[in-house]
Amino acid sequence: MALDDDIYQLRREKLKQIEALGQPAYPRKYDFSHTISQILAEYSDKTADGLEGSRVNVKIAGRIMAIRLMGKAGFAHLQQGGQRLQIYIKKDAVGDKGFELYKLLDLGDHVGVSGYLFRTRTGELSVHVDEITFLSKDLLPLPEKWHGLTDVELRYRQRYVDLVMNPEVREVFLKRGKLVQSLRRSMEAQGFVEVETPMMQPIAGGAVARPFVTHHNTLDMDLYLRIAPELYLKRLTVGGFDRVYEINRNFRNEGLGWRWNPEFTMLEFYQAYTDYRGVMDLTQQIVEQAAKDVTGGTRTKWGEDEIDWAGPNWRRMTMRDAIIHYWPEAAGAKPEISDFTSQQSVKSLVQRFNAAHRHIAYDPKEPAGKTIAGLFDAVAEEQLIQPTIISEFPTAVSPLSKQKPDEPDWTERWEIFVGKMEIANGFSELNDPEDQRRRFESQLKERERGDEEAHQMDEDYIRALSYGMPPAGGVGLGVDRLAMLLTDSHTIRDVILFPLLRPEKGFAAEDPEDFKNETA
RNA sequence: GGGCGCGUAGCUCAAUUGGCAGAGCAACUGACUCUUAAUCAGUAGGUUGAAGGUUCGAUUCCUUCCGCGCUCACCA
């Protein structure tokens with residue numbers, strides 16, 4: 001981008017000429033009488049005669065998205081609030097100075113106009129302008145007017161331009177806003193209290209992921225950007241907040257992909273005196289309600305498929321049943337429930353699957369439960385388009401969940417899958433401090449085995465549990481992924497306004513080391 | 001990180017077998033007082049991502065690098 005190129009200079013020149021006409025270059029305010037959407041809503045069905053009979057005076061503001069000059073008159077389309085309205089400027093009506101100003105306008109400029117509503121010969125609702133006020137200059141040219149901006153990199157880097165040019169992008173983010181609103185409303189309706197817990201944590205806990213590290217100078221300590229708020233929210237249940245939730249960012253230092261961004265938004269909530277089944281039903285309701293609030297119905301398009309969010313369409317099965325159900329024919333006879341009990345039989349399942357289907361990584365030293373979870377991802381996740389709740393996860397991959405009373409290798413935990421994505425995760429919260437210590441210790445063994453993502457020991461968390469945490473169910477819900485599903489967006493970057501990108505050449509940030517030295 | 005693909009004017013895209021780098025929109029000048037992808041006449045705009053190589057000649061072929069996209073493996 002050249003800020004000193006010809007068009008930029010030329011438009012600066014025009015801005016000076018506009019000032020010479022007595023219009024400030026960057027005025028402070030403009031008192032409009034209507035938004036464009038209000039006018040479209042109120043007057044779209046009024047006839048030409050009707051508008052002439054009782055004249056409607058309006059004052060609107062917007063960005064010029066199309067402009068046509070014809071000698072001593074002209075048209076333009078103003079865009080505001082994602083809507084467009086045509087204006088008609090006639091030299092006789094706006095005067096010499098007003099018309100001079102109109103001739104100095106460019107695509108992308110902001111103006112305010114006052115006038116009355118009428119219909120043109122072709123019937124388009126328009127404003128017959130009697131006064132133009134200049135509001136702000138667009139010094140850089142907008143992208144081409146009917147293809148818009150399609151270059152994906154530019155769309156993400158210059159989202160402001162993307163939003164001006166592509167109304168469907170604006171729509172996605174309005175829907176995302178409605179989604180978050182709906183989630184908050186559902187939580188509040190159930191008596192949950194919204195809280196904010198640390199983003200910077202001395203121990204990155206509550207999930208299994210690699211964290212980002214940062215440093216606090218005064219305390220001279222490293223801190224982790226949180227990978228989850230979980231352990232803090234559960235401390236709050238110890239403190240007597242029986243129903244708490246937080247909607248905020250988590251940070252995970254992992255790869256990027258169509259459903260992964262290093263920072264992502266999560267709704268996480270904890271409800272005392274219930275278990276995984278209680279929060280399962282609640283989460284299903286919340287999600288179904290969100291679909292209704294965002295889209296107005298319970299059926300949404302998802303690529304080639306249609307997702308039905310209505311209650312009766314939800315399926316529930318255990319992880320083991322899902323592996324059996326979705327077991328590929330090519331991999332031979334379906335597994336039996338008993339195949340999931342011993343290390344040896346799990347290993348042979350993996351071997352059968354790998355031989356027939358595709359290769360999944362397998363480390364014979366890892367716990368059988370971890371292998372089973374990997375097997376589930378490979379066998380079943382790809383098949384789960386319609387809302388499906390998978391329950392009973394291996395204890396080995398669930399260090400914070402309560403075990404099933406009759407099967408200690410399995411936990412009271414579930415996840416919701418929709419459109420081949422995990423969108424929520426909930427469980428009966430482990431509140432026995434001694435059991436929790438043992439789970440952390442076995443995670444530490446995994447860490448020693450080379451699993452960088454295994455959970456760290458958190459002594460203060462165990463101390464909190466030792467004061468007595470009520471029985472509780474807790475849930476994490478991926479807001480970005482739900483937004484993707486409800487807007488038919490097939491990459492997470494289309495529901496994040498400013499996704500992470502490599503820094504642009506020439507726009508590089510200051511070296512953090514320099515900054516450190518300056519402040520030291 | 002591996003594999004595949006892409007990078008040409010501000011934007012959207014062309015360029016035959018390796019043979020003069022082009023169009024539309026945007027911009028500039030002029031005409032036009034109901035247009036709407038306004039129209040009409042004219043003008044300007046390029047280190048073809050960068051460096052190197054092959055060749056009489058490279059947007060085109062080769063190598064390296066940079067950037068982007070898709071995809072596979074790990075994470076939600």
Side-chain angles (χ1 to χ4, degrees), chain A residues 1-3 5-11 13-14 48 65-77 84-94 99 102 106-108 118-126 128 138-158 161 165 206-211 227-228 250-266 268 358-361 373-374 377-378 381 397 415-417 420-425 451-453 476-482 484 490-493 501-505:
Chain A
M1 175 170 63
L3 291 179
D5 69 8
D6 294 345
I7 291 179
Y8 187 94
Q9 289 307 335
L10 218 128
R11 291 190 177 187
E13 215 33 64
K14 284 187 184 176
M65 296 304 289
I67 191 161
R68 298 174 286 280
L69 171 70
M70 290 160 301
K72 298 189 180 64
F75 291 91
H77 272 97
R84 290 186 184 192
L85 183 65
Q86 181 171 259
I87 60 173
Y88 177 55
I89 293 99
K90 200 161 66 161
K91 193 171 184 178
D92 298 344
V94 296
F99 204 70
Y102 171 75
D106 286 299
L107 283 177
F118 76 114
R119 283 194 185 273
T120 61
R121 241 169 246 168
T122 55
E124 180 165 346
L125 183 65
S126 307
H128 197 288
D138 176 6
L139 296 168
L140 290 169
L142 288 173
E144 202 242 14
K145 67 183 170 194
W146 64 82
H147 292 99
L149 187 66
T150 60
D151 182 293
V152 282
E153 184 186 357
L154 279 184
R155 284 191 41 232
Y156 298 140
R157 271 197 205 289
Q158 294 177 237
V161 178
M165 297 308 296
V208 173
R210 293 211 301 266
I227 56 175
N250 290 341
F251 307 87
R252 299 189 184 174
N253 207 339
E254 311 275 4
L256 292 85
W258 67 277
R259 51 194 153 159
W260 288 288
N261 193 66
E263 55 178 305
F264 64 101
T265 302
M266 192 113 146
E268 200 154 317
R358 68 183 167 93
H359 186 78
I360 61 168
D377 285 345
E381 193 174 6
V397 295
E415 288 187 350
I416 298 174
F417 290 85
K420 305 180 185 177
M421 285 189 282
E422 180 201 333
I423 61 161
N425 174 21
D451 185 348
E452 280 183 70
E453 289 161 357
L477 175 80
V479 174
D480 313 86
R481 287 182 175 183
L482 188 51
M484 287 169 68
H490 293 258
T491 164
I492 196 167
R493 300 216 272 188
L501 300 170
R502 210 177 291 270
E504 199 171 346
K505 252 186 201 158

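Here is how names work: the chains are called A, B, and so on, in the same order as the sequence lines, proteins then strands, and each is numbered from 1. Source: prediction; values computed, not measured.
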Can you check the Leu142(A) CG to C25(B) C1' distance for me, whole Å? 12 Å

Rounded to the nearest 0.5 Å, how far does CD of Glu124(A) lie from CZ of Arg84(A)? 11.0 Å

In this structure, how many angstroms lie between the P atom of A26(B) and the CD atom of Glu144(A), rounded? 8 Å

C1' atom, A41(B) versus C56(B): distance in rounded Å? 42 Å

Integer angstrom distance from the C1' of U16(B) to that of U54(B): 22 Å

If you assign each of Ile492(A) and Leu501(A) to its closest nucleotide in RNA chain B, which residue comes earlier from the 5' end? Leu501(A)

Per Thr150(A) side chain, nearest of listed nucleotides U12(B), A38(B), C34(B): U12(B)

Reported CD1-to-CG distance for the pair Ile492(A) and Asp480(A), which is rounded to 0.5 angstrom: 4.5 Å

Are the side chains of Lys91(A) and Tyr102(A) in contact, using a 4.5 Å heavy-atom criterion? no

Picking from U12(B), C75(B), C34(B), which would you name as closest to the side chain of Leu149(A)? U12(B)

Is Pro262(A) close to Leu256(A) at the side-chain level, that is, under 4.5 Å between some pair of heavy atoms? yes

Please round to the nearest 0.5 Å and tell me the distance separating atom CD1 of Ile360(A) and atom CG of Asp377(A). 8.5 Å

What residue pairs, at least two apart or across chains, pass salt bridge (Lys or Arg N to Asp or Glu O under 4.0 Å) with a residue in residues 254-266 of chain A? Arg249(A)-Glu263(A), Arg259(A)-Glu381(A)

Testing U35(B), C75(B), U33(B) for proximity to the side chain of Lys72(A), the answer is U33(B)

To the nearest angstrom, how far is Gln158(A) atom CD from G10(B) atom P? 13 Å

Using atom C1' in both nucleotides, what's the gap between A58(B) and C68(B) to the nearest angstrom? 24 Å

Would you indicate what Leu69(A) reaches in the nucleic acid, counting non-hydrogen atoms under 4.0 angstrom: base, sugar-phosphate, or nothing? base

Please classify the nucleic acid contact of Lys90(A) as base, sugar-phosphate, or nothing, using heavy-atom distances under 4.0 Å. base

Among C28(B), C11(B), C75(B), which nucleotide sits nearest the side chain of Leu10(A)? C28(B)

Sugar-phosphate, base or nothing in reach of Gly148(A), heavy atoms under 4.0 Å: sugar-phosphate

Out of C74(B), C34(B), A26(B), whichever nucleotide has its closest atom nearest the side chain of Glu453(A): C74(B)

Would you check if the side chain of Arg68(A) reaches a backbone N or O of Phe75(A) as a donor-acceptor pair within less than 3.5 Å? no

How far does the C1' atom of C66(B) sit from the matching atom of G24(B), given to the nearest Å? 30 Å

When all nucleic acid strands are considered with a 4.0 Å heavy-atom cut-off, which category describes Phe118(A): base, sugar-phosphate, or nothing? base

Could you go through the side chain to side chain contact (heavy atoms under 4.5 Å, CB included) check for Ile67(A) and Leu107(A) one step at a time? CA-CA 7 Å; Ile67(A) 191 161; Leu107(A) 283 177; 4.1 Å; yes

Considering only U33(B), C75(B), U12(B), which nucleotide approaches the side chain of Ala73(A) most closely? U33(B)

When we call it a touch if two heavy atoms are under 4.0 Å apart, what does Ala209(A) touch: a base, just sugar-phosphate, or nothing? sugar-phosphate

Under 4.0 Å, counting only non-hydrogen atoms across every strand here, what does Asp377(A) touch: a base, just sugar-phosphate, or nothing? nothing

Contact between Met165(A) and His147(A) at the side-chain level, heavy atoms closer than 4.5 Å - yes or no? no

Rounding to the closest angstrom, what is the interatomic distance between U39(B) and U35(B) at atom P? 12 Å

Taking the C1' atom of each, how far is G18(B) from U60(B), in whole Å? 6 Å

Minimum-distance nucleotide to Met70(A) side chain [options: A38(B), A26(B), C75(B)]: A38(B)

Winner on side-chain proximity to Val152(A), out of C75(B), A27(B), C68(B), is C68(B)

5' to 3', nucleotides 40-47 of chain B under a 4.0 Å protein heavy-atom cut-off (B base, S sugar-phosphate only, - none) gives --------

U35(B) base / Glu124(A) side chain donor-acceptor hit below 3.5 Å: no

Pair pattern of RNA chain B in dot-bracket, where unpaired bases get dots and | marks partners in another strand, Watson-Crick or G-U under 3.5 angstrom: (((((((..((((.....[..)))).(((((.......))))).....(((((..]....))))))))))))....

Ranking Arg259(A) and Tyr88(A) by the position along RNA chain B of their nearest nucleotide, the one closer to 5' is Tyr88(A)

Residue-phosphate contact under 4.0 Å: Arg68(A) side-chain N/O, A38(B) OP1/OP2: yes

For a quick check of understanding: with a heavy-atom distance under 4.0 Å over all strands, which category does Arg210(A) fall into, base, sugar-phosphate or nothing? nothing

Look at the aromatic rings of His128(A) and Phe118(A) and report parallel, tilted or perpendicular, splitting at 30° and 60°. perpendicular

Separation between the C1' atoms of A14(B) and C72(B), rounded to whole Å: 34 Å

Find the distance Phe251(A):CZ to C75(B):C1' and express it as a whole number of Å. 16 Å

d(CG, Asp151(A); C1', G7(B)) in whole Å: 9 Å

Looking across every strand, which nucleic acid part, if any, lies under 4.0 Å from Glu415(A) by heavy atom: base, sugar-phosphate, or nothing? nothing

d(Asp151(A) CG, Gln158(A) CD) to nearest 0.5 Å is 9.5 Å

Whole angstrom value for the distance that separates P of U29(B) from CD of Glu13(A): 12 Å

To the side chain of Arg157(A), which of U35(B), G67(B), C75(B) is closest? G67(B)

P atom, U55(B) versus U43(B): distance in rounded Å? 41 Å

Heavy atoms under 4.0 Å, any strand shown: does Gly478(A) hit a base, just sugar-phosphate, or nothing? nothing

If you round to the nearest 0.5 Å, how far is CD1 of Ile416(A) from CG of Leu482(A)? 9.0 Å

From CG of Leu154(A) across to C1' of A9(B) the rounded distance in Å is 14 Å

Taking atom C1' of A26(B) as reference, at what distance in whole Å does atom NZ of Lys145(A) sit? 8 Å

From C-beta outward on Lys14(A), which listed nucleotide comes closest to its side chain: G10(B), C75(B), A27(B)? A27(B)

For the OG atom of Ser126(A) and the CD1 atom of Ile87(A), what is their distance to the nearest 0.5 Å? 9.5 Å

